[in-house]
Novice: 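Quick one: the structure is below, questions incoming.
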Amino acid sequence: MKGRRLLTSFLAAVCAGVFVLPAAACGGGNMPPIGDDGMAELTYPDFEETPSDKNSWEYIPEDNDMTIEWYVDVSSWPIPAENDVLRKIKEETGISIHFTTPVQDDGQKLATIIAGDDLPDIISTMTSKTQTLASLAQQGYVYDINTLAEKWAPTLFENVPEDVMEWWAYGNGKTYGIPNHYYSYEDIPEGEQLQPNGGMMVRKDLFDAWQAHAEEMADDSGMISYEALDGSTKSVEWQGYITTPEGFKEAASWVMGKYYGSGKGQITTALQLSQFTDQGNASLEWLAQFFAIPFETQDGEYEYRFTQEEYAGMLYWLNDLCSTRVGGNTLISRDNFTQTYDGVGSVIAGGKAFATLATPQDYQMHFATAKDDGYEYVSMYITNSNGDAPVLADIRGYGYLMNMITTDCERPDLVIKLFDYLSSEEGQRLVCFGVEGESWNWTDEEEPKIAYTEDYLALKGTQGAADLGLMTMDLLLNYQYYDNVQPRTDHGKTEAEVFRSNLKRPLSVYAYDYNLTHFVVDATDERFQEYNNALTRINALIGQQTTKILQAASRSEAEQIYQQTVELLEKRNLALVIELNSEAYRATKEKLGITVAWPAWQEGYVDPLDRTQPNGDLSLYRTY
């Protein structure tokens, strides 16, 4: 489908400067016809259909030699150099891949690509950008995977888990991309408790120093009494005082008083948050989970988080940390509000934060650098003032990046076969472990397992190993498949790699299935355009106002800004957003067969809170 097309769901926001996809849309463009299902009516090329009697990629002509353009809309995604995995993909499919990424994650690059009238063959963008995904599909920028597979890759339905396809389907029953890093219910071993997605980390030496001080504060029974946020008197085991909001503030103040400075081993902030963007801050989501703020009512209905009393209280607690000064320095550095990803990373890598709420896996190399320099960070948790156990989202989910084949792709019949190959067990083994016989072999046990070759283990950590290409082509990676089949012994992982994989693992005792909260609002609904525009304005407003609330000079000022924000949200049609979210939530519960979703309200829930283990369950550390 050639020619510039208007992405109407973003028109108002783009022209107002709120959103940037597509940058040229304000001047209008050619709309594709919209079908009865509310989605663009697409015309598919007239290539010969592919039988289902063998793997679809085996039907690719042996003389096929083509290069496709693959745009990944994440600046930090590392474009792989030519390696053995990419060469094997070329050998099996006849397809070479040229990757591009943006310089910054501001949406401008994708907007320019769309406005430029020449889309790449494949676009990959974050699954969290649900508005972008829906609009690309609705306005005819990308093909639906179902039709492509039915025509030219029927075996793809055997290789991509059914629940993954169904999860991303819109009201017309069609899915417009295949995600990576998903965790299908089909693949997760029964009874396995996965790691949380977010996490809190604390510098171990400073944590230990505070804990020694806390033990001295305890009474003869090992308890510390304190004034709670509501003015009542409470007590807790001395080990867990730091896990209360009140105790953490006292610990942060004590550490700032003793260790603040720019010298070696000193800190510049007591609590480091992720970078603030126009869409908010990931740390607030992690803290809301630690504070066990429910995503549904006790009647099982959807609950919008920002307007909850508990969420407001969480913001006021952060405001207190931002305004409390020790020696003239706030517990949360004011620099945090203007730091980029690299700025946050430099604080972590230098050991300059007492504790962090930044997403650990996003900064795993920075945590490793800090450890190498003598500033090891370990996990910890924090609860709300009521003492409810954290309810953390585990890492299961339906993807990080959505990979979509665009309607400008000249050979979608071959590219969908590439998707099929990469999604198959053969393709998954290739991208995870490299070329069979080169970096791994099957063991000769009764149940064969993957074992790395001695040559690979000898090369591990060298440029020679990089040339093998393991885990460099992860764009359709089923991460649970990798975790299920990876070698447990002779795994070749360095101490630093094992450390990084264990960052949040002790917090797994507080991790639960949050899939329900990632519901997909139906883009075929006639109210979707209005909903989409309202959601864009609402998210932008929250992003702008949150920093004002946190940096307010007093609690009363923070409360005033919060109330003003809620009023502005209501004027931006928050009611419609909640209405469609609620409908999607109920539909998703029905799809998953769930009646009660909030873990703490489920039958058989056992409170896992153990104040004597403020770092979580350290026995959960893995050796691989």
Side-chain angles (χ1 to χ4, degrees), residues 74 77 124-130 133 145 156-169 175-199 282 285-286 289 295 359-362 364 390-403 419 422-425 427-433 450 471 473-488 500-520 584-585 588-589 591-594 597-599 602 620 622 624:
V74 178
W77 187 77
S124 301
T125 193
M126 288 187 290
T127 56
S128 59
K129 296 183 177 180
T130 54
L133 298 178
I145 296 297
L156 182 139
F157 293 115
E158 302 171 11
N159 293 321
V160 178
E162 183 178 2
D163 61 326
V164 175
M165 290 288 288
E166 289 182 350
W167 185 266
W168 290 107
T175 304
Y176 289 79
I178 299 176
N180 75 339
H181 292 204
Y182 56 81
Y183 289 78
S184 168
Y185 286 100
E186 297 177 14
D187 298 322
I188 298 173
E190 185 176 356
E192 178 165 344
Q193 195 161 16
L194 301 178
Q195 292 191 67
N197 198 12
E285 173 60 27
W286 308 144
Q289 294 177 14
F295 50 72
T359 310
Q361 60 268 33
D362 289 351
Q364 55 182 297
V391 181
L392 311 182
D394 66 25
I395 55 175
R396 93 181 67 215
Y398 285 111
Y400 168 54
L401 293 173
M402 183 64 76
N403 304 283
F419 275 26
L422 293 174
S423 300
S424 69
E425 288 196 14
Q428 291 292 303
R429 287 193 295 269
L430 173 65
V431 299
C432 292
F433 309 109
I450 285 176
M471 299 296 284
M473 178 54 188
D474 69 339
L475 291 173
L476 280 97
L477 174 65
N478 173 351
Y479 200 85
Q480 189 61 48
Y481 175 84
Y482 164 76
D483 195 55
N484 289 347
V485 303
Q486 66 168 313
R488 266 53 169 174
R500 296 200 303 271
S501 71
N502 278 322
L503 281 171
K504 306 169 296 179
R505 202 172 299 279
L507 299 177
S508 300
V509 292
Y510 300 110
Y512 301 89
D513 181 357
Y514 261 60
N515 263 341
L516 189 61
T517 65
H518 305 301
F519 53 80
V520 179
Y585 186 80
T588 304
K589 290 183 77 171
K591 182 188 298 184
L592 295 176
I594 295 173
W598 181 245
Q602 292 174 347
L620 296 177
R622 281 184 181 179
Y624 61 92

Novice: So, Asn197 and Tyr514: side-chain donor and acceptor under 3.5 Å apart, yes or no?
Specialist: no
Novice: So do Ile145 and Val160 actually touch side chain to side chain, heavy atoms under 4.5 Å?
Specialist: no
Novice: Apply salt bridge (Lys or Arg N to Asp or Glu O under 4.0 Å) to Asp394 and list each qualifying residue two or more places apart in sequence or on a separate chain.
Specialist: Arg396
Novice: Nearest 0.5 Å, what's the OH-OG distance between Tyr481 and Ser184?
Specialist: 14.0 Å
Novice: Could you measure the distance from the CG atom of Asp483 to the CD1 atom of Ile395? Nearest 0.5 Å is fine.
Specialist: 7.5 Å
Novice: How far apart are the closest heavy atoms of Ala597 and Leu516, and which atoms are they?
Specialist: CB-CD2, 3.1 Å
Novice: Can you tell me if Gln428 uses its side chain to pair, donor with acceptor, with the backbone of Leu476 under 3.5 Å?
Specialist: yes
Novice: Rounded to the nearest 0.5 Å, how far does OH of Tyr182 lie from OG1 of Thr127?
Specialist: 13.0 Å
Novice: Under a 4.5 Å cut-off applied to non-hydrogen side-chain atoms, are Trp168 and Tyr176 in contact?
Specialist: no
Novice: State, yes or no, whether a side-chain contact exists between Cys432 and Met471 at a heavy-atom distance under 4.5 Å.
Specialist: yes
Novice: For Leu620, is there any backbone N or O sitting under 3.5 Å from a side-chain donor or acceptor partner on Arg622?
Specialist: no
Novice: Report yes if the side chains of Gln361 and Lys504 come closer than 4.5 Å at any heavy-atom pair, otherwise no.
Specialist: yes
Novice: Rounded to the nearest 0.5 Å, what's the gap from CD1 on Ile450 to CZ on Phe433? Could you check?
Specialist: 4.5 Å
Novice: Restricting to non-hydrogen atoms, name the atom on Leu507 and the atom on Pro196 that form the minimum distance, rounded to 0.1 Å.
Specialist: CB-CG, 3.8 Å
Novice: Donor-acceptor pair, Gln195 side chain versus Arg505 backbone, under 3.5 Å?
Specialist: yes
Novice: Under 3.5 Å, is there a donor-acceptor pair between the Asp474 and Tyr482 side chains?
Specialist: no
Novice: Is it true that a side-chain atom of Gln364 and a backbone atom of Arg500 form a donor plus acceptor pair closer than 3.5 Å?
Specialist: no
Novice: So how far is it from His181 NE2 to Tyr479 OH, rounded to the nearest 0.5 Å?
Specialist: 7.5 Å
Novice: Would you find a donor on one side and an acceptor on the other, under 3.5 Å apart, between the side chain of Ser423 and the backbone of Asn159?
Specialist: no
Novice: Go through the side-chain N and O atoms of Tyr398 and Asp163 and say whether any donor and acceptor fall under 3.5 Å apart.
Specialist: yes
Novice: Are Phe157 and Met165 packed together at the side-chain level, in the sense that at least one heavy-atom pair is separated by less than 4.5 angstrom?
Specialist: yes
Novice: Can you tell me how far apart CD1 (Ile178) and CG (Asn478) are? Round to the nearest 0.5 Å.
Specialist: 11.5 Å
Novice: Between Trp77 and Leu475, is there a donor-acceptor pair closer than 3.5 Å when you use the side chain of the first and the backbone of the second?
Specialist: no
Novice: Any idea which heavy atoms bring Gly199 and Pro360 closest together, and the distance?
Specialist: N-CD, 3.6 Å
Novice: Just to verify, what does Glu425 make a salt bridge (Lys or Arg N to Asp or Glu O under 4.0 Å) with, not counting sequence neighbours?
Specialist: Arg429
Novice: Has the side chain of Thr588 got a donor or acceptor atom that lies under 3.5 Å from a matching backbone atom of Phe519?
Specialist: no
Novice: Taking all heavy atoms of Pro179 and all of Gly399, pick out the closest pair and write down the distance.
Specialist: CB-CA, 3.8 Å
Novice: Spell out, as yes or no, whether a donor-acceptor pair under 3.5 Å connects the side chain of Gln480 to the backbone of Ile188.
Specialist: no
Novice: Met402 vs Lys129, test: side-chain contact (heavy atoms from CB on, under 4.5 Å). Steps then yes/no.
Specialist: CA-CA 9 Å; Met402 183 64 76; Lys129 296 183 177 180; over 6 Å; no
Novice: Report yes if the side chains of Val520 and Thr130 come closer than 4.5 Å at any heavy-atom pair, otherwise no.
Specialist: no
Novice: Ignoring hydrogens, what is the shortest heavy-atom contact between Pro599 and Phe295? Give both atom names and the distance.
Specialist: CD-CZ, 4.4 Å
Novice: So does Gln602 have more than 12 non-hydrogen atoms from other groups sitting under 6.0 Å from CD?
Specialist: yes
Novice: Could you tell me which non-hydrogen atom of Val509 sits nearest to which non-hydrogen atom of Pro506, and how far apart they are?
Specialist: CG2-O, 3.8 Å
